[in-house]
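Right, one structure below, let's go through it.
As the structure is a prediction and not an experimental result, all values here were calculated from the model.
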Amino acid sequence: MTSSVPADGRIVVVGTGVAGATAAQTLRSEGFSGSIVLVGEESEIPYRRTAVSKGLLSGKSDITRVALKPAAHWPDIDVELLTGTTVVDVDAAARTVTLSDGEHLGYDVLVLATGGRPRTLGPDHPRIHHLRAYRDVPALYERLAAGERLLVVGGGLIGSEVASTARDHSCAVTVLEAQTRPLARLLPEAVGSVVTELHKSAGVDLYTEVTLSTLEADDTGIVAVAADGRRWAADAAVVAIGMDPAIELAERIGARIDGGVVVDEWFRTSVDGVYAIGDVATIPHAALGGWYRCEHWNSALDHGAAVARSILGTGAPFGAVPWSWSQQFGSNIQVAGWPGADDELLVRGDLDGRDFTALCRRDGRLVGAVSIGRPKDIRAVRVLIEHAPFTTDRVLLDPETDLTALSAAARQ
Ligand SMILES: Cc1cc2nc3c(=O)[nH]c(=O)nc-3n(C[C@H](O)[C@H](O)[C@H](O)COP(=O)(O)OP(=O)(O)OC[C@H]3O[C@@H](n4cnc5c(N)ncnc54)[C@H](O)[C@@H]3O)c2cc1C
C-alpha cells in the first residue's frame with residue numbers, strides 16, 4: 001500500500017471518541033507531518049466513554065480524570081482539536097466539509113469516526129434519560145444521589161451497568177428486558193443465567209419478555225405500560241435499548257451502508273478518500289466471513305491505530321479478534337470474539353461460583369468466550385480463535401490445560 005495523503009496534506013477526522021482521537025494521535029506518532037484536524041460535536045476533549053455508566057455516573061470519578069490525554073497534549077502534537085463543532089455536510093467531489101459555524105475545510109483524507117446515538121423511547125422529558133455521553137450524566141447522577149426509584153428499560157450492557165450503579169446508590173431499581181434474559185443477544189443461556197442472578201442478588205427487580213407499549217412522564221413521575229397490561233411506576237426512567245450508528249454524513253456522500261458504514265480491511269469506504277472506523281463502521285469478518293459492526297472500546301481503539309497506518313501506507317489488513325468487558329454488580333465480565341445465543345458451550349471453572357471461562361463453539365469452531373474473573377483466558381482465547389479454532393474438547397475442557405500456554409503454542 002502507498003500513502004493516500006501527501007506529506008503536506010490535510011486529514012480531517014470527524015468524531016472525538018476513542019476511534020477518532022486514536023487515529024489523530026497515531027497519524028502523528030507514525031510520522032505524518034501535514035495538518036490533522038479533529039472535529040467533535042461534544043464540548044469535552046476526548047475522554048473515556050466507558051466511564052460514563054461507571055465512575056462518572058457513580059460520582060467516583062470526574063471528567064478531567066477520564067480524559068484520554070491532558071488538554072495540552074493535542075496542541076503539543078499539533079493536532080487542531082475543534083470541540084463543540086459538528087460537521088454538518090461533506091462534499092466528497094470537492095473534498096470539503098462544512099462545519100456548524102459555517103466554515104468550509106478542505107481535506108485530502110476524511111475519517112468518519114462518528115459513533116452512534118442512543119435509541120429513544122417515550123417523550124422528550126427530564127424524567128426520561130438516555131446515556132451515551134458525559135453531557136447525559138449530571139441529570140441522571142442527581143436522581144441516583146437522591147435515591148429515587150429508577151426504571152431501566154433494556155437489560156443490555158449499558159442498562160445493566162446503570163442498574164448496578166443505581167443499586168450502589170440504594171435506588172430501588174426495576175429493569176425491563178424484552179428478551180428472556182439480560183444480554184440475551186450476546187450471551188448463551190447458561191451464561192445469561194449467571195447475569196440474571198447478578199441482577200437478582202443485587203436486589204434489582206428484573207422483568208423479562210416485556211414489550212413496552214407506552215412510557216409516559218409528568219411532573220410527578222413516570223409510568224411504563226407493557227403490551228400485556230402490566231404497569232410500572234417510578235420517579236425516572238433510563239432508556240437503554242441500544243444505539244443507531246451515526247451514518248448521516250456517509251449517506252450524504254453515497255457511501256455503501258449496511259447496518260453501518262461499510263469498509264474494507266483497510267477501513268476504506270466505497271467513496272474515494274473517505275475512511276470509517278469505530279462503532280459506526282461495518283467491517284469485514286476476517287475469521288467467519290461477511291461483515292459485522294461492533295460496539296467495543298478496544299475495537300474502536302484498534303481501528304483508530306490501524307486506519308492511521310492504512311492511510312500512511314504502513315499498515316496491514318485488519319482482522320483483530322475483538323474483546324470487551326462490562327463492570328456490573330461487582331463482577332467484571334469479559335467477552336472475546338463473537339459469542340452468540342445459540343452457541344455450544346464448553347465451560348471451564350464454576351458458573352455458579354462466578355469464576356469461569358465459557359468457550360463458545362459454532363459448527364465445531366471456536367468463535368468466542370465469556371469469562372468472569374479470568375482475564376488471562378480471554379487474551380488466550382482471542383489467539384485460539386484466530387490460530388487454533390478447531391482445538392478438541394478433550395484439550396479445551398481439561399482443567400490441566402493452560403490456555404495461555406496453548407495459545408502461545410498456537411501462535412507459532
Ligand atoms: C455508557 C457506555 C458505557 C460503555 N462501556 C463499555 C465497556 O465497559 N466496555 C466496552 O468494551 N465498551 C463499552 N462501551 C462502548 C464503547 O465506549 C464504544 O464502543 C466506543 O466508545 C466507540 O468509540 P467511537 O470513537 O467509535 O465512537 P464514540 O465514542 O461514540 O464517538 C463518536 C463521536 O463522534 C461525534 N460525532 C458524531 N457525529 C458527528 C459530526 N457530524 N460532527 C462532529 N462530531 C460528531 C459524537 O458526538 C462522539 O463524540 C460503552 C459505551 C457507552 C455509551
State which residues pass side chain to side chain contact (heavy atoms under 4.5 Å, CB included) with [X]; sequence neighbours excluded, sorted by chain then number.
X      : result
Ala190 : Leu345, Leu351
Ala236 : His129, Arg143, Glu148, Leu150
Ser270 : Ala255, Arg256

Thinking salt bridges, do Asp205 and Lys200 make one under a 4.0 Å N-O criterion?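 No salt bridge links Asp205 with Lys200.
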[X]: what forms a salt bridge (Lys or Arg N to Asp or Glu O under 4.0 Å) with it, not counting sequence neighbours?
X      : answer
Asp264 : Arg268
Arg95  : Asp272
Asp89  : Arg252
Glu80  : none

Checking Gln25 against His73: is there a side-chain donor and acceptor pair closer than 3.5 Å?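 Yes, because at least one side-chain N or O of His73 sits under 3.5 Å from a partner of the opposite role on Gln25.
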Modelled atom types, side-chain donor and acceptor of His104 and Thr96, under 3.5 Å: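 Side chains of His104 and Thr96: no pair found under 3.5 Å.
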Between Phe267 and His303, how do the two ring planes meet: parallel, tilted or perpendicular, split at 30° and 60°?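 Tilted.
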Pairs involving [range], ordered by first then second residue, that meet salt bridge (Lys or Arg N to Asp or Glu O under 4.0 Å) (sequence neighbours left out):
range            : answer
residues 234-250 : Arg117-Glu248, Arg119-Asp244, Arg149-Asp235
residues 289-299 : Arg293-Glu295
residues 49-63   : Glu42-Arg49, Lys54-Glu161

Can the ring centres of Trp266 and Tyr275 be said to be less than 6.0 Å apart?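 Between Trp266 and Tyr275, the centre distance exceeds or equals 6.0 Å.
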Show every ring pair (Phe, Tyr, Trp, His ring centres under 6.0 Å) that has at least one partner inside residues 234-258, sequence neighbours left out.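 Of all non-adjacent pairs touching residues 234-258, none passes ring pair (Phe, Tyr, Trp, His ring centres under 6.0 Å).
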Which residues share a side chain to side chain donor-acceptor pair (under 3.5 Å) with Asp228, sequence neighbours left out: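 Listed in chain order: Arg230.
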Pair Asp108, Arg10 - check salt bridge (Lys or Arg N to Asp or Glu O under 4.0 Å), show working. CA-CA 5 Å; Asp108 295 282; Arg10 178 187 284 152; over 6 Å; no
